[in-house]
Amino acid sequence: MSTRIAFLKGHGTENDFVIVPDPENAIDLSPDAVAALCDRRAGIGGDGLLHVVRSAAHPEAKDMAAEAEWFMDYRNGDGSVAEMCGNGVRVFARYLQHAGLVTEGDLAVATRGGVKTVHIAKDGDVTVGMGRARLPEGEVTVSVGERSWPARNVNMGNPHAVAFVDDLAHAGTLYSPPPFSPASAYPEGVNVEFVVDRGPRHVALRVHERGSGETRSCGTGACAVAVAAARRDGADPTVTGTPVTYTVDVPGGRLLITERPDGEIEMTGPAVIVAEGEIDPEWLETAVR
């Protein structure tokens with residue numbers, strides 16, 4: 001790397017991201033480089049990294065180029081690749097608007113979890129069509145210390161285990177991934193949500209994100225929680241024929257999740273760009289040695 005690399009920093013309900021614009025997919029972002037950039041003490045700091053690439057320029061997104069001009073090449077904070085990030089899509093869309101590449105209204109964003117529809121509202125909120133949830137069969141258990149709970153297996157393009165608890169403090173520190181069983185349920189790891197009720201169709205969560213640790217928010221996690229809560233509450237819109245909306249409080253703010261009778265899920269919340277600058281290539285090369 002001989003030239004400086006542009007970056008931005010943004011967040012959605014305090015789920016924060018390093019944003020690296022790279023339309024032609026010319027920057028080699030190795031796992032070590034991503035982890036260095038996301039390091040909160042020695043790097044820029046973030047729960048993950050949003051690599052902004054034209055779909056036609058990325059081998060994993062070429063087949064989606066006709067539907068979506070832009071591909072969100074998302075990486076977890078440890079450098080690993082992830083299928084989807086709901087808050088990340090909102091921040092990704094806000095970046096495109098900030099850069100003058102899109103305007104208010106509707107757009108499509110390609111992700112490893114498929115093409116996502118996005119609406120940028122005049123009031124600043126961003127709504128993302130998150131697709132349908134899959135509910136794999138089989139019992140799952142998650143545990144923290146001596147406590148354990150049954151969990152609902154929900155897949156939002158990435159895997160989730162949703163456990164309803166009496167107190168969010170029971171989730172412990174969430175420094176390390178909560179153990180789960182059976183191991184075969186999540187061969188590549190899982191995002192674990194601990195959930196309490198706050199009122200009718202109103203819940204709050206804490207989450208350990210696979211590859212990132214506890215985060216202030218998780219968009220796909222909020223969707224998974226709303227789906228699990230609706231099934232628990234007998235409010236499955238695919239059965240009742242009526243849309244259902246849950247307010248989901250996360251440590252970093254609030255999201256509104258709506259599931260429609262056709263199974264499509266929409267997530268609405270804020271997205272903010274807070275800074276922009278340049279990465280020193282010499283520092284980055286040194287950081288990944």
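Residues: numbered from 1 along the sequence shown. Atom set for the values below is all heavy atoms of this structure, side chains included, hydrogens, waters and symmetry mates excluded.
Looking at Asp236 and Thr238, their side chains do bring a donor and an acceptor atom within 3.5 Å of each other. Using a 3.5 Å distance cut-off with no hydrogens or angles, the side chains of Ser217 and Thr13 do pair a donor with an acceptor. Between the side chains of Thr127 and Glu266, no donor-acceptor pair of N or O atoms lies under 3.5 Å. A side-chain donor from one of Asp78 and Ser80 sits under 3.5 Å from a side-chain acceptor of the other. Remark: the Asp16 side chain and the His11 side chain contain no N/O donor-acceptor pair separated by less than 3.5 Å. In this structure, a donor-acceptor pair under 3.5 Å is absent between the side chains of Asn155 and Tyr186. A donor and an acceptor atom, one from each side chain of His160 and Asn153, are nowhere located under 3.5 Å apart.
Residue Glu278 qualifies as enclosed at atom CD: its count of foreign heavy atoms under 6.0 Å is above 12. Enclosure of atom CD in Glu104 by more than 12 non-hydrogen atoms of other residues, nucleotides or ligands within 6.0 angstrom is indicated. Applying the 6.0 Å contact sphere to CG of Asp123 captures more than 12 heavy atoms from other residues, nucleotides or ligands. Within 6.0 Å of CG in Asp63 there are 12 or fewer heavy atoms belonging to other residues, nucleotides or ligands.
Counting only distance, with no hydrogens or angles, the side chain of Ser181 and the backbone of Ala183 share no donor-acceptor pair below 3.5 Å. Not a single donor-acceptor pair under 3.5 Å links the side chain of Asn25 to the backbone N or O of His58. With hydrogens and angles ignored, the 3.5 Å screen pairs a side-chain donor or acceptor of Arg132 with a backbone N or O of Asp262. A donor-acceptor contact shorter than 3.5 Å is absent between the side chain of Asn76 and the backbone of Gly79.
Here the shortest heavy-atom pairing between Pro261 and Thr242 reads CG-N, 3.9 Å. Of all the heavy atoms in Cys85 and Asn15, the pair that sits closest is SG-OD1, 4.2 Å. Looking at every heavy atom in both residues, Gly86 comes nearest to Val128 through O-CG2, 4.5 Å. Taking every heavy atom of both residues into account, Val53 and Pro23 meet most closely at CG1-O, 3.7 Å. Listed here is the closest heavy atom pair of Val140 and Ala185: CG2-CB, 4.0 Å. Here the shortest heavy-atom pairing between Ala171 and Arg206 reads CB-NH1, 3.8 Å.
Distance check: Leu284 CG to Ser30 OG gives 7.5 Å after rounding to the nearest 0.5 Å. The CG atom of Asp125 lies 11.0 Å from the CE atom of Met267; values are rounded to the nearest 0.5 Å. Atoms CZ and CG, on Phe17 and Leu37 in that order, are 15.0 Å from each other to the nearest 0.5 Å. Between the CD1 atom of Ile120 and the CG atom of Leu96 there is a distance of 7.0 Å, given to the nearest 0.5 Å. Here Ser55 contributes atom OG and Lys62 contributes atom NZ; the two are 11.5 Å apart, rounded to the nearest 0.5 Å. For the atom pair CD1 (Ile19) and CZ (Arg94), the distance works out to 11.0 Å, reported to the nearest 0.5 Å.
Salt-bridge annotation for Arg75 and Asp47: absent, with no side-chain N of the basic residue lying under 4.0 Å from a carboxylate O of the acidic one. Checked for salt-bridge contact, Glu276 and Lys9 miss the test: no charged N lies under 4.0 Å from a carboxylate O. Ion pairing between a basic and an acidic side chain is recognised when a charged N comes within 4.0 Å of a carboxylate O; Arg147 and Asp167 show no such pairing. A salt bridge does not link Arg152 with Glu193: every distance from a Lys NZ or Arg NE/NH1/NH2 to an Asp or Glu carboxylate oxygen is 4.0 Å or more. Of the charged side-chain nitrogens involved, at least one lies within less than 4.0 Å of a carboxylate oxygen, so that Asp197 and Arg232 count as a salt-bridged pair. The pair Glu60-Arg112 meets the salt-bridge criterion, since a charged nitrogen lies less than 4.0 angstrom from a carboxylate oxygen.
In the hydrophobic clustering of ILVMFWY residues, with side-chain heavy atoms under 4.5 Å counting as a link, Val162 and Leu168 come out apart. When the side chains of ILVMFWY residues are joined at heavy-atom separations under 4.5 Å, either directly or via intervening members, Ile5 and Trp283 end up in a single hydrophobic cluster. Tracing side-chain contacts under 4.5 Å through hydrophobic residues (I, L, V, M, F, W, Y), one never reaches Leu256 starting from Val244; they form parts of separate clusters. The hydrophobic cluster containing Val227 does not contain Phe194, counting ILVMFWY residues as joined when their side-chain heavy atoms lie under 4.5 angstrom apart, directly or transitively.
Side-chain contact between Met130 and Met84 is present, with heavy atoms from C-beta onward closer than 4.5 Å. Side chains of Gln97 and Thr103 form no contact here, defined as non-hydrogen atoms less than 4.5 Å apart. No side-chain heavy atom of Pro150 sits less than 4.5 Å from a side-chain heavy atom of Phe164. Looking at Leu49 and Leu29, their side chains come closer than 4.5 Å, going by heavy atoms from C-beta outward. Looking at heavy atoms from C-beta onward, Val250 lies out of side-chain contact with Thr215 at the 4.5 angstrom threshold. Contact check for His202 versus Arg254: side-chain heavy atoms found under the 4.5 Å cut-off. Taking 4.5 Å as the limit, some side-chain heavy atom of Val144 sits within range of a side-chain heavy atom of Trp149. Thr247 has its side chain out of reach of Arg201: every pair of non-hydrogen atoms, C-beta onward, lies at least 4.5 Å apart.
With Thr111 as reference, Lys116 is the one residue of Glu83, Met64, Lys116 to meet the side chain to side chain contact (heavy atoms under 4.5 Å, CB included) rule.
Residues Trp70 and Phe92 place their aromatic rings such that the two centres sit no closer than 6.0 Å.
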- Message: Run Glu259 and Arg231 through salt bridge (charged side-chain N to carboxylate O under 4.0 Å, His left out) and show every step you take.
- Response: CA-CA 11 Å; Glu259 186 179 7; Arg231 303 308 185 269; 2.9 Å; yes

- Message: Show, in sequence, the C-alpha distance, side-chain angles and deciding distance for Val126 and Val118, and conclude whether the side-chain contact (heavy atoms from CB on, under 4.5 Å) test is met.
- Response: CA-CA 7 Å; Val126 180; Val118 179; 3.5 Å; yes

- Message: Please determine whether side-chain contact (heavy atoms from CB on, under 4.5 Å) holds for the pair Glu69 and Leu101, giving the CA-CA distance in whole Å, both sets of side-chain angles, and the decisive distance to 0.1 Å.
- Response: CA-CA 10 Å; Glu69 181 179 3; Leu101 298 168; over 6 Å; no

- Task: Starting from the C-alpha separation in whole Å, work towards a yes-or-no answer on side-chain contact (heavy atoms from CB on, under 4.5 Å) for Val20 and Val52.
- Result: CA-CA 6 Å; Val20 178; Val52 184; over 6 Å; no

- Evaluation steps, side-chain contact (heavy atoms from CB on, under 4.5 Å), between Leu255 and Arg90: CA-CA 12 Å; Leu255 296 166; Arg90 295 204 321 280; 3.6 Å; yes

- Task: Check the pair Arg4, Glu282 against salt bridge (charged side-chain N to carboxylate O under 4.0 Å, His left out), reporting the backbone distance first and the verdict last.
- Result: CA-CA 9 Å; Arg4 290 179 178 267; Glu282 292 182 6; over 6 Å; no

- May I have the step-by-step check of side-chain hydrogen bond (donor to acceptor under 3.5 Å, both in side chains) for Ser148 and Ser143, ending in yes or no? CA-CA 4 Å; Ser148 63; Ser143 60; over 6 Å; no

